[in-house]
Participant: 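Here it is, the structure, as structure tokens.
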Amino acid sequence: MKPIIIGSLVVLLISTVALGASHAFGWSSLGYGAWLSMVIGSFIVSAREPKHSFLYSILLAVPASLIFAGINYLYGVLGVPVDFAGIRGAIIVVGMALPISIILCAIGGGLGHAYTHNK
């Protein structure tokens with residue numbers, strides 16, 4: 001369970017910095033760093049978890065989607081234009097981000113599993 005918490009903190013830190021920099025500098029392409037954060041976080045989860053590493057890395061998709069929804073909600077409250085504002089918007093973001101998060105976490109988990117088991 002500890003690696004999932006560490007992976008969630010990695011996702012939170014990288015996605016907050018990436019989305020904040022994207023908004024501050026007006027470069028929308030920096031927002032893709034938030035999606036990359038899931039690959040990095042799941043890689044760390046898979047590398048740190050000795051048993052069931054791939055499963056735990058895919059489980060990171062749930063907190064990652066919730067983090068994205070929380071950031072989206074916070075941006076809406078702060079007046080930053082978002083596509084889906086409010087609580088209903090946060091639920092929509094979770095529903096949209098979860099399938100993509102599962103795929104990205106599977107990629108990072110597979111890379112982390114291959115890295116730790118091919119030493």
Side-chain angles (χ1 to χ4, degrees):
M1 194 63 161
K2 187 177 178 183
I4 291 179
I5 294 171
I6 293 170
S8 297
L9 291 174
V10 167
V11 169
L12 178 64
L13 178 69
I14 293 174
S15 61
T16 303
V17 169
L19 292 173
S22 172
H23 178 67
F25 298 122
W27 298 337
S28 60
S29 60
L30 286 176
Y32 291 115
W35 294 107
L36 181 63
S37 70
M38 285 187 260
V39 176
I40 295 169
S42 62
F43 178 86
I44 291 170
V45 168
S46 183
R48 292 189 52 94
E49 182 62 36
K51 292 184 178 180
H52 308 294
S53 59
F54 188 69
L55 174 66
Y56 279 121
S57 65
I58 292 177
L59 287 177
L60 181 65
V62 174
S65 298
L66 294 173
I67 288 169
F68 274 31
I71 292 172
N72 183 69
Y73 179 77
L74 181 64
Y75 272 21
V77 168
L78 294 175
V80 177
V82 293
D83 291 335
F84 306 107
I87 296 294
R88 182 176 290 167
I91 294 169
I92 292 171
V93 169
V94 169
M96 291 173 55
L98 190 59
I100 299 167
S101 300
I102 291 170
I103 292 168
L104 293 174
C105 287
I107 291 169
L111 291 173
H113 183 77
Y115 175 74
T116 56
H117 287 79
N118 289 330
K119 284 186 173 181

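Count residues from 1 along the sequence.
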Participant: Give me the atom names and distance for the closest heavy-atom approach of Ser15 to Ile71.
Facilitator: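 Taking Ser15 first and Ile71 second, the nearest heavy atoms are OG-CD1, 3.6 Å.
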
Participant: In Å and rounded to the nearest 0.5 Å, what is the CD1 to CD1 distance from Ile103 to Ile58?
Facilitator: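 Result: 10.5 Å between the selected atoms.
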
Participant: Let me confirm one number: the CG-CD1 distance from Leu98 to Ile102, rounded to the nearest 0.5 Å.
Facilitator: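 Here the interatomic distance stands at 4.0 Å.
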
Participant: Roughly how far, to the nearest 0.5 Å, is CE of Met96 from CG of Asp83?
Facilitator: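 Spacing of CG (Asp83) from CE (Met96) equals 7.5 Å.
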
Participant: Can you confirm whether Ile6 sits close enough to Val45 that some side-chain heavy atom of one is under 4.5 Å from a side-chain heavy atom of the other?
Facilitator: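 No, every pair of side-chain atoms sits at 4.5 Å or beyond.
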
Participant: Do Leu13 and Ile4 sit in one hydrophobic cluster, given that two such residues count as connected whenever their side-chain heavy atoms are within less than 4.5 Å of each other, even indirectly?
Facilitator: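 In one cluster: no.
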
Participant: Could you tell me the separation between the CG atom of Leu9 and the CD1 atom of Ile14, rounded to the nearest 0.5 Å?
Facilitator: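 Here the rounded value is 11.0 Å.
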
Participant: Any pair with a residue in residues 49-89 that passes ring pair (Phe, Tyr, Trp, His ring centres under 6.0 Å), sequence neighbours left out, goes on the list, sorted by first then second residue, please.
Facilitator: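 Counting only pairs at least two positions apart or across chains, the ring pair (Phe, Tyr, Trp, His ring centres under 6.0 Å) contacts touching residues 49-89 are Trp35-Phe68.
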
Participant: Side chains of Pro63 and Val11, heavy atoms from C-beta outward: is any pair under 4.5 Å?
Facilitator: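 In short, these two side chains do not touch, never coming nearer than 4.5 Å.
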
Participant: Do you reckon Leu12 sits in the same ILVMFWY cluster as Ile5, going by side-chain contacts under 4.5 Å, direct or chained?
Facilitator: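 No: no chain of side-chain contacts under 4.5 Å links Leu12 to Ile5.
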
Participant: Give a yes or no on whether the backbone of His113 and the side-chain of Ser46 come within a donor-acceptor separation of less than 3.5 Å.
Facilitator: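 Indeed, once roles are kept as given, a pair shorter than 3.5 Å links the two residues.
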
Participant: Ser42 and side chain to side chain contact (heavy atoms under 4.5 Å, CB included): which single residue from Ser37, Pro3, Ser57, Ser53 fits?
Facilitator: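 Among Ser37, Pro3, Ser57, Ser53, the one meeting side chain to side chain contact (heavy atoms under 4.5 Å, CB included) with Ser42 is Ser57.
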
Participant: Find out if a path of hydrophobic residues (ILVMFWY) with successive side-chain heavy-atom gaps under 4.5 Å connects Ile100 to Ile92.
Facilitator: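 Yes.
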
Participant: With hydrophobic residues grouped by side-chain heavy-atom distances under 4.5 Å, do Val93 and Ile87 end up in a single group?
Facilitator: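 Not linked; separate clusters.
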
Participant: Do you know which two heavy atoms are closest between Met38 and Leu60, and how far apart they sit?
Facilitator: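 For Met38 versus Leu60, the nearest heavy atoms are O-CD2, 4.3 Å.
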
